2 protein chains.
Amino acid sequence: MATGQTPTSGTTIYSVAERAGVSIASVSRVLQGSTAVSEKTRRRVLEAADELRYVPLAAARSLAVRHHEAHGLVLPELSGPYYSELLMGFESRAAELGQSVVLMLAEGKHDLVRAVRKLATRVDGLAMLGSAAIPEDTVTALHGSKPVVLIAGDPRPDVDSVTSENTGSAAEITSHVLRHGRTQVLFLGDPASGPDVRDRYAGFVAAHESARRVAAEPVRIPLRERDGTAFAERMLAGDLSADALVCANDELALAVMKRLREGGRTVPGDLAIVGWDDVMTARYVEPGLTTVRQPVRELGAIASDRLHQRITGAVVGVEPQVIPTSVVIRSSCGCPPRADPG
Amino acid sequence: MATGQTPTSGTTIYSVAERAGVSIASVSRVLQGSTAVSEKTRRRVLEAADELRYVPLAAARSLAVRHHEAHGLVLPELSGPYYSELLMGFESRAAELGQSVVLMLAEGKHDLVRAVRKLATRVDGLAMLGSAAIPEDTVTALHGSKPVVLIAGDPRPDVDSVTSENTGSAAEITSHVLRHGRTQVLFLGDPASGPDVRDRYAGFVAAHESARRVAAEPVRIPLRERDGTAFAERMLAGDLSADALVCANDELALAVMKRLREGGRTVPGDLAIVGWDDVMTARYVEPGLTTVRQPVRELGAIASDRLHQRITGAVVGVEPQVIPTSVVIRSSCGCPPRADPG
DNA sequence: CTGTTAGCGCTTTCAG
DNA sequence: CTGAAAGCGCTAACAG
């Protein structure tokens, strides 16, 4: 009742060695594709392993080589394309580097810190999203025992980090909206929710400043669909007024836009709306959503790379790596529709 | 140059024991929250572990307990909400069961079989998507040495499987379209690409039969955006004609619909279009896309559960588990728009 | 309640 | 080219 009917389990390197009539050392050698082994030995070992359906035990190897050959990744959750893309980039680079990836989702964990600690137990290094809400000091502690890289987090002097550019493109997209003659523009998103939103808001403010205008306080709401809908209701009810909305992500922008139009407002007529992320829906809605595209996949790959460098001790500086983004103009900002970019 | 500056590395259970002035057994005991340990000992151990920033080595534990405490998951890739949802369900259940999840994406792997084998090396059991394209015999071999559960794959007599219902809902949605008076309905998707598309097509055929009509041959195209666009071009060029399209997923349906409307066709006027998956965009487009919703998250959770049962030897039958889906009616099928469901 | 002592399965010198 | 043997760090009897 303890191990079930695990079929051919219990086959170890010893069984294989015995069956092949060689020593375990030889088995190990051929299985590692290691140095000079006679063709005869190799053949016999491979055959025996095959017949026995031998599956090595990674734990034993890890213990012996003192390496897990695995990267840990902590994501907040997985809805929307952002984290998926990131994960794809991460996994694929990790695989190229011969590393497994063990994944943990922060959302819904009773004891996040405990979970992260446990994760740290079985990997050679850890990458985590800034938005995963891991306490600062936990990060510090972790980083004290194995390499950590922060993705889209607050750069810290002691920890590696890779992020995509926020402030500049936020300023750019905001300026764009301003140049359309909008005068009451609101920023939707909570700068306190994480460094990326914070930096986007900073760009929003900067754009206003360079236009000699004063930026409104941010509308501090979460970035989910329901929050956008709720916000739109408030606008429709006349609680707030604006002629342009700079949203901290597309999900929010899309939800707001949908509800507003249902309520009779026109976009970009009554309101210009722009988002962030360039999700798939952004180019399917009418009007197409003007937004900012980030090379998320690459971000994931770079994180894995960086982690691997640290693990293997390749010397790397700690300068945070920031990768560029680009503004995608469609028509929700007030520009005329054009052939769809993307 | 080999291990970098891994800070407090090298701390083992021995160092902790020494520092706490107890035996390694005691350390192990308190760290496992095990049986009776004096409060004093516990405190000292915890303190020492903390000071030393002790991070246990999972590999050593695994070796000793002969258990990885990890579930492997093989997904084809991660674009779109389907796999993400699945993964979220899987991860969260696994976490509840105290299992880590090590993830592998099939797409882009040079040597998939090899990669899966390697994965098998470090987990107690494996769940994989039917669409991940793992060769039959590899599955068999794997399953010969540790538990395997197939998700949305072809039920096999020997392997556990969990899938969501396909044929029935395909028949239902097709009948729905037929009842709108459509007479030339096409199925988009390649039944040979996997069991789910195959079963959906079977439902499509069944619906025609029970309406005493003959179902058209499937339009064998992949389920991606670009394929939908290309298909729409063909329709616009007059290569094909139809008054309704049953698409094997939403991505396809959405792309076709978009291109067709750009080309001047109306939906559902000229053509009714329905999809599968109920992705986010489905309710944002105009007209809203009629589609089939699957409880994907639950599917993931069930897979993890099932795997765990098998691993722990809880007796479970091999009857494939199939979980129900539901048709979501919006207006792309020809129904009048209504308050948005969902 | 605590310490001693065998391993867990694999890699890796070190001799031959 | 091959085998013997010494661990890797941790858990789990088994004695005290």
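So you know, we letter chains A, B, ... as the sequences are listed, proteins then strands, and number each from 1. What you see below is based on every heavy atom in this structure, not just the backbone, and it leaves out hydrogens, waters and symmetry mates. Remember, it's a predicted structure, so these values are computed and weren't measured experimentally.
A side-chain hydrogen bond (donor to acceptor under 3.5 Å, both in side chains) with Ser304(A) is found for exactly one of Glu96(A), His71(A), Glu91(A), namely His71(A).
The distance between atom CD of Glu18(A) and atom C1' of dG3(D), rounded to the nearest whole Å, is 15 Å. Taking atom CZ of Arg44(A) as the reference point, atom C1' of dT2(D) lies 13 Å away to the nearest angstrom. Atom CZ of Arg42(B) and atom P of dT2(C) are 10 Å apart (whole Å). Look at CZ on Arg66(A): it is 9 Å from C1' on dG9(D), rounded to the nearest Å. One interatomic measurement links the two molecules: NE2 of His68(A) to P of dC8(D), which rounds to 16 Å at whole-angstrom precision. dG9(C) atom P lies 24 Å from atom NE2 of His67(A), rounded to whole Å.
Within a 6.0 Å sphere centred on CZ of Arg156(A), other residues, nucleotides and ligands contribute more than 12 heavy atoms. Within 6.0 Å of atom CD in Glu77(A), more than 12 heavy atoms from other residues, nucleotides or ligands are found, so the atom counts as buried in its surroundings.
Side-chain atoms of Thr41(B) and Ser26(B) include no donor-acceptor pair closer than 3.5 Å.
Glu47(A) has no carboxylate O lying under 4.0 Å from a charged side-chain N of Arg19(A), or vice versa, which leaves the two without a salt bridge. For Arg122(A) and Glu69(B), the salt-bridge test fails: no basic side-chain N is under 4.0 Å from an acidic carboxylate O.
Residue contacts shown for Thr41(B) are limited to sugar-phosphate atoms, with no base heavy atom under 4.0 Å away.
Mapping Gly21(B) and Leu63(B) onto DNA chain C by nearest heavy atom places Gly21(B) closer to the 5' end of the strand.
An OP1 or OP2 oxygen of dG3(C) is reached within less than 4.0 angstrom by a side-chain nitrogen or oxygen of Ser26(B).
Rounded to the nearest 0.5 Å, atoms CZ (Arg53(B)) and OG1 (Thr140(A)) are 8.0 Å apart.
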Quick tally for nucleotides 10-16 of chain D: nucleotides whose base has a protein heavy atom under 4.0 Å get B, sugar-phosphate-only ones S, the rest -, giving BBB----

- Task: Show your reasoning for whether side-chain hydrogen bond (donor to acceptor under 3.5 Å, both in side chains) applies to Tyr83(B) and Ser131(B).
- Result: CA-CA 11 Å; Tyr83(B) 298 123; Ser131(B) 44; 3.2 Å; yes

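Summary of helix geometry: the two end axes of the helix from dC1(C)-dG16(D) to dG16(C)-dC1(D), each defined by five base pairs via their C1' atoms, are inclined to each other by 30° (rounded to 10°).
Counting heavy atoms from C-beta outward, Tyr14(B) and Val27(B) have side chains that stay 4.5 Å or more apart.
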